[in-house]
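To start, the structure itself, in structure tokens.
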Amino acid sequence: MEYKQRSVNCGQLRQADAGKTVVLNGWVHRIRNHGGIQFINLRDRYGITQVVVGEDAPQAVKELAEDLHMEYCIAIEGKVIARPDSMINPNMLTGEIEVEALEIQILSTSEVIPFVIDQESDAKEDTRLRYRYLDLRSQGMQERIKLRHEFIRSIRNFLSGRDFYEIETPTLIRSTPEGARDFLVPSRLQAGKFYALPQSPQLLKQILMVSGFDKYFQIARCYRDEDARGDRQLEFTQLDLEMSFVKRDDVLSLMEDLFVEVFKEVMDYTLPSTFRRLTWDEALNTYGLDKPDLRYDLHLVDVEEVVKKSSFGTFKTILEEGGSIKGIKAPFSEELHYTRKYITALEEAAKVYGAKGLAWMKVGPNRTLDGGISKFFEGVEEEVITLFDANEGDMLLFVGDAWKVTCASLGAVRIKLGKDLNLANPKEFVFCWIIDFPLFEFNEDEGHWEAAHHMFSMPQAQYLETLEEDPGSVKGDLYDLVLNGYEVASGSIRIHDVDLQKKIFKICNIEEKEAEERFGFLLNAFRYGPPPHGGIAPGIDRMVMIMSGQSSIKEVIAFPKNSAGISPMDDSPSPVDQEQLDELHLCIKE
RNA sequence: GGGGGCGUAGCGAAGCUGGUUAUCGCGACGGCCUGUCACGCCGUAGAUCGCGGGUUCGAGUCCCGUCGCUCUCGCCA
């Protein structure tokens, strides 16, 4: 079809363009028909331009204009007119001008759309995903997809400038069933055998280090067959990165430099040149979780000493049994009243993470304690108040339980308070490092130790001697990067010593034969002069989500899946033909 | 697998303790309108109230079951 191709886009024209004859291509965003005069807002990726069809317009244009409907794709040829001052629309990029239509071509028509394209679609997520092609037309989605592009481009620029090579690794790889569940791909050529989609390019990038590509990165798609969450999809994108001859701090400072530059470039946001570091122990003890939102300070307080002096038997028993008692101060608030109902809501948040209850007391006038469990603290009020740096109207909340439960429960209370008290500035971005993670955790169900992160992370030097005797105490050269309460990157210095690697396998209850089967190719590579190396992998989707102020990763992925792993647009996953199954040597179990 | 929330017209919502013909906005359709920019005004159509069963004289509303969506715990090296 012959049609007029655009000479300008819909976000471009200004007063200075007045008088020009232009062609615009775009979608009919809104029509305002006043009888004698008609306004058409024409939209494309770049903006919206007002087109006028007035009394003087050619008859053919007037007739065609009457036929237009929302989301028709059209071409307009017209003359740029400067609007008189009184008609300038300051809310539009192109509000200084309008285009007087001389010719209109309908490039394609649209059926009645299921929801109106607006700044943000107000349709339910399910509907938005079914008609994702329409949802993506909204300004909000367009902006987020653009931000994502610029974020990735800026990362590529920075790393290329630092001598990194971007190297692709296969997405059909060997299944190594640790960690998350693998997505499997049946092999046609090798009957009964399967590829797996990578949970991350972990082993391949380590092998690239053995190959001498000492600075590698990749914008890598990763696949984990686990239940989705607001910040988790079946497939997601990581900046996968690895370097040789580096120590932990080299990786951390590279990331700091990277994000300082990228945030400046794509957000015009100035980050500090280094990020705060918390050890894993500190993070849990102080904030209750390993991904604290440090935009606000609200922290947990260890109250074991004062509990010992109190008469609160329940808590004392917990201490005697090796548990942990902590508290948090909910600061006095004009807006939020600490009613019974609200305390119950906080308690519910704590219970999700295993707390049996949430004890409380109020700080009264003249440094007194009221209500709740305050009667058990007679005589030590001053100590409690000092400990929390509390003032009248503050509420003190306590959990006593196993250390992890206490931390996690109060961490959840902290997050709820932060949300309800609006403590976090949505325009602020606060990074921090969590370092010194434990290398192993004990799997109660299976009765053996397993890697807390993955099995290729280096134990810290001072634990090398006692590795096997006391795995629980071993800290690894592991680090997470946290942004506004989300884990946005995770990495470690890797093991590059075959014997040490075998020792780790053994602690994780993996027999030599089994290790050989699964990771033999890595161990083989390690026989030929592997360099010391380490890396990290920031999650692209999560970071763009946070940067764009969203709380769901789906808002920054063009075609995401829903929480059941279904793509409502193309209705995948879908059944396949018997023929396909036969070729793959598969049969479906009823 | 567990817990919370939701499901009413194409879309988004209201519908309190059960009670006539299920309401509103957007959108659609018809009409009027020469300066709007979320245009305005008049009118019209459009709903097996997710589905199945039950209680009742009477169910969108109550009960049981079921399906779907969503958030979340578990899970996510």
Side-chain angles (χ1 to χ4, degrees), chain A residues 29-43 48-57 62 69-71 81 83-84 86-92 94-95 98 100 110-131 134-135 176-182 198-200 202-203 222-234 236 345 348-349 351-354 408-409 412 415 437 439-441 443 445 449-457 476 478 487 490-492 504 508 510 518-519 537 539 551-552 554 562-564 566 568:
Chain A
H29 186 64
R30 292 289 137 81
I31 301 172
R32 292 179 296 282
N33 189 344
H34 292 243
I37 188 168
Q38 192 170 169
F39 300 98
I40 300 155
N41 279 1
L42 193 67
R43 186 196 69 239
I48 292 177
T49 297
Q50 172 164 288
V51 174
V52 199
V53 177
E55 195 73 354
D56 308 332
K62 281 198 251 184
H69 295 276
M70 282 202 278
E71 300 307 316
I81 309 286
R83 297 196 203 180
S86 62
M87 292 176 198
I88 286 178
N89 184 345
N91 302 319
M92 280 172 87
T94 59
E98 60 195 3
E100 211 173 63
S110 168
E111 288 183 16
V112 174
I113 44 179
F115 50 82
V116 178
I117 313 298
D118 225 317
Q119 201 106 338
E120 296 285 354
S121 308
D122 62 354
K124 270 179 283 200
E125 191 168 278
D126 203 29
T127 313
R128 291 177 57 201
L129 292 184
R130 176 160 310 117
Y131 300 96
L134 295 179
D135 185 47
T176 53
E178 285 70 41
R181 210 170 284 116
D182 276 333
Q199 296 177 28
S200 84
Q202 181 62 34
L203 299 180
C222 305
Y223 306 85
R224 295 181 191 173
D225 188 5
E226 299 291 348
D227 289 5
R229 282 289 183 285
D231 62 351
R232 257 165 44 192
Q233 282 265 304
L234 296 178
F236 60 99
E348 289 308 313
K351 280 181 172 173
V352 170
Y353 289 86
S409 307
I415 289 172
F437 277 76
L439 199 59
F440 302 103
E441 54 193 29
N443 185 326
D445 298 336
W449 292 96
E450 53 186 32
H453 181 235
H454 62 52
M455 286 185 291
F456 314 103
S457 298
L478 285 149
E487 179 200 312
S490 191
S492 65
I504 301 285
C508 295
I510 295 177
R518 289 191 200 170
F519 309 110
S551 52
S552 168
K554 297 176 198 139
N562 70 12
S563 66
I566 292 167

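Naming: A, B, ... by sequence-line order, numbering from 1 per chain. What you see is a predicted model, and the numbers here were worked out from it, not measured in a lab. Only this structure's heavy atoms are used, side chains among them; waters, hydrogens and symmetry mates stay out.
When side chains are defined from C-beta on, A/Asn89 does not count as touching A/Gln50, because their heavy atoms never get closer than 4.5 Å. The closest side-chain heavy-atom distance from A/Leu129 to A/Asp135 is not below 4.5 Å. Under the 4.5 Å side-chain criterion, counting only non-hydrogen atoms from C-beta, A/Leu203 is in contact with A/Phe456. Counting only heavy atoms from C-beta outward, the side chains of A/Val116 and A/Arg30 approach each other to under 4.5 Å. In this structure, the side chains of A/Glu100 and A/Asp56 stay at 4.5 Å or more apart for every pair of heavy atoms.
Taking atom C1' in both B/U8 and B/G15, one finds a spacing of 9 Å when rounded to whole Å. Distance check on atom C1': B/C6 versus B/A14 gives 15 Å, rounded to whole Å. On the C1' atoms, B/A38 is 15 Å away from B/G12, given to the nearest whole Å. Taking atom C1' on both nucleotides, B/G18 is separated from B/G54 by 15 Å, rounded to a whole Å. Using atom P as the reference point in both B/C37 and B/G31, the two lie 23 Å apart (nearest Å). With C1' as the reference atom, B/C42 and B/A47 are 25 Å apart, rounded to whole Å. Annotation: B/G7 and B/C76 have their C1' atoms spaced 29 Å apart (nearest Å). B/A22 and B/C16 are spaced 15 Å apart, taking the C1' atom of each and rounding to whole Å.
The residue A/Ser121 sits apart from the nucleic acid: no heavy atom pair falls under 4.0 Å. Residue contacts for A/Tyr353: at a heavy-atom cut-off of 4.0 Å it reaches the sugar-phosphate backbone alone, with no base atom in range. Nucleic acid contact for A/Met87: base, since at least one base atom lies under 4.0 Å from a heavy atom of the residue.
Atom NE2 of A/His454 is separated from atom P of B/C76 by 15 Å (rounded to the nearest Å). Atom CG in A/Asn91 sits roughly 13 Å away from atom P in B/C39 (whole-Å rounding). Rounding to whole angstrom units, CG of residue A/Asp56 and P of B/G35 are separated by 14 Å. Rounded to a whole Å, the CZ atom of A/Arg181 is 15 Å from the P atom of B/G74. For A/Glu120 and B/G12, the CD to C1' distance is 15 Å, given to the nearest whole Å. Look at CG on A/Asn41: it is 9 Å from C1' on B/U36, rounded to the nearest Å. To the nearest angstrom, C1' of B/U72 lies 15 Å from CD of A/Glu125. When rounded to the nearest whole Å, the span between CD of A/Glu55 and P of B/C33 equals 11 Å.
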Listed pairs, N/O of protein and of nucleotides 66-68 of chain B, under 3.5 Å:
none

Every protein N/O within reach of nucleotides 42-47 of chain B N/O, cut-off under 3.5 Å:
none

Grab the N/O contacts between the protein and nucleotides 24-32 of chain B below 3.5 Å, and write none if there aren't any.
from, atom 1, to, atom 2, distance (Å)
B/C29, OP1, A/His69, ND1, 3.4

Look for any protein N or O under 3.5 Å of an N or O in nucleotides 2-5 of chain B and output each such pair with its distance, or none.
none

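Judged by distance alone, with hydrogens and angles left aside, A/Gln50 brings a side-chain donor or acceptor within reach of the base of B/U36, the pair sitting under 3.5 Å. One can find a donor-acceptor pair under 3.5 Å joining the base of B/G35 and the side-chain atoms of A/Glu98. Donor-acceptor pairing under 3.5 Å, judged by distance alone, is present between the side chain of A/Arg232 and the base of B/C76.
For B/U34, the OP1/OP2 oxygens have no side-chain nitrogen or oxygen of A/Lys62 closer than 4.0 Å. Side-chain nitrogen and oxygen atoms of A/Thr127 include none within less than 4.0 Å of the OP1 or OP2 phosphate oxygen of B/C11. Using a 4.0 Å cut-off, no side-chain N or O of A/Arg83 falls inside it from OP1 or OP2 of B/U36. At least one side-chain nitrogen or oxygen of A/Lys124 sits closer than 4.0 Å to the OP1 or OP2 atom of B/U8. For the pair A/Arg32 and B/U36, the criterion of a side-chain N or O lying under 4.0 Å from OP1 or OP2 is not met. Under 4.0 angstrom from either OP1 or OP2 of B/G35 there lies no side-chain N or O belonging to A/Ser86.
Checked by atom type and distance alone, the side chain of A/Ser490 never pairs as donor or acceptor with a backbone atom of A/Ala537 at under 3.5 Å. In terms of modelled atom types and a separation under 3.5 Å, the side chain of A/Arg83 and the main chain of A/Ile88 share no donor-acceptor contact. Counting only distance, with no hydrogens or angles, the side chain of A/Gln199 and the backbone of A/Ala180 share a donor-acceptor pair below 3.5 Å. Remark: side-chain polar atoms of A/Glu226 are paired, donor with acceptor, to backbone N or O of A/Arg181 under 3.5 angstrom.
A/Ala123 pairs by the side-chain contact (heavy atoms from CB on, under 4.5 Å) definition with A/Phe115, A/Thr127, A/Arg128, not counting sequence neighbours. With sequence neighbours excluded, the residues forming a side-chain contact (heavy atoms from CB on, under 4.5 Å) with A/Ile37 are A/His34, A/Phe39, A/Val52, listed by chain and number. With sequence neighbours excluded, no residue satisfies salt bridge (Lys or Arg N to Asp or Glu O under 4.0 Å) with A/Arg229. When the salt bridge (Lys or Arg N to Asp or Glu O under 4.0 Å) test is applied to A/Glu125, the partners found at least two apart in sequence or on another chain are A/Lys554. Contacts of A/Asp182 classified as salt bridge (Lys or Arg N to Asp or Glu O under 4.0 Å), with partners at least two apart in sequence or in another chain: none. Residues meeting the side-chain hydrogen bond (donor to acceptor under 3.5 Å, both in side chains) test with A/Gln38, sequence neighbours left out: none. Evaluation of the side-chain hydrogen bond (donor to acceptor under 3.5 Å, both in side chains) rule for A/Ser457 yields A/His453, A/Ser492 as partners, not counting sequence neighbours. Every residue two or more places apart in sequence or in another chain that forms a salt bridge (Lys or Arg N to Asp or Glu O under 4.0 Å) with A/Glu120 is listed here: A/Arg144.
Position along RNA chain B of the nearest nucleotide to A/Arg224 versus A/Ala564 favours A/Ala564 as the more 5'-ward residue. Two residues, A/Val352 and A/Asn89, neighbour RNA chain B, and the one matched to the more 5' nucleotide by heavy-atom proximity is A/Asn89.
Of the nucleotides present, none pairs with B/C37 by Watson-Crick or G-U wobble criteria with both distances under 3.5 Å. Across all strands shown, B/U44 is found opposite B/A28 as a Watson-Crick or G-U wobble partner, with both distances under 3.5 Å.
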